[in-house]
Amino acid sequence: MSDRLSAVDASFLYLEDYTTPMHVGGVAVFRRPRTGFDYDKVLALIDRRLGLVPRYRQRVMQIPGGLVRPVWVDDQDFDITYHVRRSALPKPGNDDQLHDLAARLMSRKLDPTRPLWEIYLVEGLSKNRVAVITKTHQAMVDGIGAIDIGQVILDVERNRQVPDADELWMPRPEPSLAELVVEAMTDAVQRPGEVVENVRAAVVDATATVQKITRALGGVASALRTAVVPAPSGPLNAPTSTQRRFAVARAKLDDFRAVRQAHGSTVNDVVLAVVTGALRNWLLSRGEVVSPSTTLRAMVPVSVRSDDVEARATYPETGSLPVGSVGGKVSAYLVDLPVGEGNPIVRLHQVSHAMRAHAESGQSVAAGALVKVSGFAPPTLHALGARVANQFSDRLFNVLVTNVPGPQVPLYAAGARMMEMFPVVPLAKNQSLSVGVTSYDGGVYFGLNADRDAMPDVDVLAAMIGEAVDEMIGTVDA
């Protein structure tokens with residue numbers, strides 16, 4: 001029997017178009033070691049690790065007539081050099097040039113006829129740095145059977161030896177169309193309702209596909225549509241174009257912990273309060289009307305664990321994947337961010353109250369369903385957040401904010417130490433901004449993925465995140 005895509009994974013293939021590519025990614029910056037960190041090293045490292053993630057040698061094969069969901073098949077012509085690519089900035093390349101490159105790469109859809117991932121080694125950065133940009137389709141990153149390709153290359157040890165593959169990989173024979181049709185007919189007899197659903201999805205518009213996602217995740221969206229009023233209108237909900245902009249912000253995790261301790265909140269509350277303060281100033285810089293009651297609604301998928309416990313990654317004996325580094329409890333909330341409030345302490349208390357109210361009421365968004373499809377390493381949970389966002393109407397929220405605690409120990413790739421890691425979370429239809437946040441090795445890293453036409457000033461917002469952090473730090477002794 002063929003390895004069939006799950007209903008959720010298949011839905012992301014159906015939903016994808018040129019304005020909303022469905023891949024999640026990251027921009028990691030490394031310090032080049034004395035032993036070097038070049039394309040050949042990265043290529044060899046990934047080649048030796050692909051045995052840990054067999055999905056990355058497989059492509060999606062559609063079923064004739066769309067009778068059942070597509071299947072995963074081994075790529076008979078798999079070419080690792082197509083997926084592991086080399087790029088360079090004009091020396092000495094700066095961060096703005098790196099972010100422009102990341103935005104262009106993230107704007108392009110992955111080739112659906114090949115395995116759905118790409119990784120780029122970016123050379124030419126100033127200060128003896130190199131970058132790695134990853135793209136992985138959400139159909140692949142389910143957090144259970146597959147993980148993000150960026151995790152494959154990371155180690156907790158600087159000089160960990162990478163063993164050779166046990167044996168030469170040989171693709172399994174690809175099933176014939178006749179075999180797939182027979183399997184489809186068998187499924188039609190065993191699960192006739194599913195066949196009807198898939199045929200409908202193949203011939204109707206995206207509305208039916210959204211309904212399919214809703215059913216696949218337990219009817220969460222329909223429940224929210226009846227229980228939640230539409231989100232406020234504003235510049236964050238505009239028609240999505242084909243191109244993106246990318247900007248970043250940085251902070252220290254200890255500063256967030258100090259604010260948390262001073263005001264009795266959580267680190268995640270502080271992150272949301274910082275984003276709220278930055279959005280407030282950004283709206284004012286645009287001349288938008290901001291009254292004391294103005295709010296913006298955020299979709300906030302949350303990985304919950306004790307803030308007092310350091311993130312210690314669990315590494316399986318067979319590799320170096322930071323699986324289990326976050327914890328096992330997942331919730332996602334719709335939170336009205338008080339951008340109209342001018343006092344940073346009051347903003348933080350309002351955010352904390354809203355998050356506590358969600359937790360105490362038990363009205364988290366599909367917490368049980370999320371656990372079934374979630375992964376607990378940072379890249380997979382950012383993908384999970386995008387999954388949640390894409391099932392909802394754009395009228396229900398203004399911005400997606402994913403905050404994923406990461407390991408608080410240094411990670412390495414082929415001897416190069418990772419200095420920074422910025423998540424790139426995809427945009428949902430008619431969304432102009434997604435904010436991915438990851439903590440790593442004492443730092444907090446914000447990645448802002450924005451629509452190029454709707455947010456030409458995303459760099460301004462990124463700078464305002466830094467200002468909002470400073471504002472929150474100033475409240476510690478207040």
Side-chain angles (χ1 to χ4, degrees), residues 24-33 37 42 87-89 92-103 105-106 119-136 148-156 158 245-257 267 271 274-275 278 310-311 313 320 322 325-326 377-382 401-425 434-450 458-459 461-463 465-466 468-470:
V24 67
V27 179
V29 179
F30 294 82
R31 181 77 66 192
R32 188 192 300 272
F37 187 69
V42 173
S87 188
L89 302 174
N94 58 41
D95 289 355
D96 288 341
Q97 293 170 328
L98 174 62
H99 302 157
D100 287 343
L101 175 61
L105 295 177
M106 292 298 169
I119 188 167
Y120 294 79
L121 175 69
V122 183
E123 300 174 303
L125 270 174
S126 62
K127 301 178 183 178
N128 198 36
R129 299 174 299 158
V130 292
V132 172
I133 299 175
T134 62
K135 292 171 58 176
T136 308
D148 181 76
I149 188 64
Q151 295 170 255
V152 174
I153 69 172
L154 296 175
D155 294 299
V156 290
R158 182 188 297 272
R245 297 181 190 270
F246 183 66
V248 307
R250 306 168 177 84
K252 295 180 180 179
L253 183 57
D254 283 345
D255 289 336
F256 283 75
R257 289 172 171 163
V267 169
V271 168
V274 164
V275 172
E310 295 289 86
S320 59
S325 63
V326 175
T380 59
L381 192 54
H382 286 297
V401 183
T402 64
N403 176 28
V404 182
Q408 298 306 308
V409 296
L411 298 178
Y412 302 87
R417 179 171 177 169
M418 186 168 74
M419 310 301 294
E420 303 174 319
M421 209 295 286
F422 301 98
V424 186
V425 181
S434 290
V435 181
V437 188
T438 290
S439 59
Y440 161 67
D441 196 22
V444 180
Y445 300 99
F446 296 76
L448 282 64
N449 189 29
V458 66
D459 286 334
L461 177 59
I465 287 179
V469 171
D470 292 340

Would you name the heavy atoms of [X] and [Y] that are closest together and state the gap between them?
X	Y	answer
K127	R31	O-NH1, 2.6 Å
Q97	P92	OE1-O, 4.2 Å
F30	A413	CE2-CB, 3.7 Å
A468	V274	CB-O, 3.4 Å
A462	A249	O-CB, 3.7 Å

Decide side-chain contact (heavy atoms from CB on, under 4.5 Å) for I133 and M106; before the verdict, give the C-alpha distance in whole Å, the side-chain angles of both, and the deciding distance to 0.1 Å.
CA-CA 9 Å; I133 299 175; M106 292 298 169; 3.8 Å; yes

Parallel, tilted or perpendicular, judged at 30° and 60°: which one describes the rings of F446 and F256? tilted

Within the structure provided, determine whether [X] and [Y] are in side-chain contact (heavy-atom separation under 4.5 Å).
X	Y	result
V132	V122	no
V42	F37	yes
V29	L98	yes
L101	S87	yes
L461	L448	yes

How far does [atom1] of [X] sit from [atom2] of [Y], to the nearest 0.5 angstrom?
X	Y	atom1	atom2	result
L105	I119	CG	CD1	12.0 Å
R129	N94	CZ	CG	8.5 Å
S126	L89	OG	CG	9.0 Å
F246	D459	CZ	CG	10.5 Å

Q: Let me see the working for M421 and L411 under side-chain contact (heavy atoms from CB on, under 4.5 Å), right down to the final yes or no.
A: CA-CA 11 Å; M421 209 295 286; L411 298 178; over 6 Å; no

Applied to residues 406-425, the salt bridge (Lys or Arg N to Asp or Glu O under 4.0 Å) test, sequence neighbours excluded, yields R250-E420, R417-D441

* Tell me, with the steps shown, if V469 and V444 meet side-chain contact (heavy atoms from CB on, under 4.5 Å). => CA-CA 11 Å; V469 171; V444 180; over 6 Å; no

By side chain to side chain contact (heavy atoms under 4.5 Å, CB included), D255 pairs with (sequence neighbours left out) K252, I473

Practice item. Look at the side chain of Y440 and the backbone N and O of M418, then say whether any donor-acceptor pair between them is shorter than 3.5 Å. Key: yes

_N449 side chain to V425 backbone, donor-acceptor under 3.5 Å_ = yes

* Going through the checks in order, is the side-chain contact (heavy atoms from CB on, under 4.5 Å) test met by R245 and H99? -> CA-CA 8 Å; R245 297 181 190 270; H99 302 157; over 6 Å; no

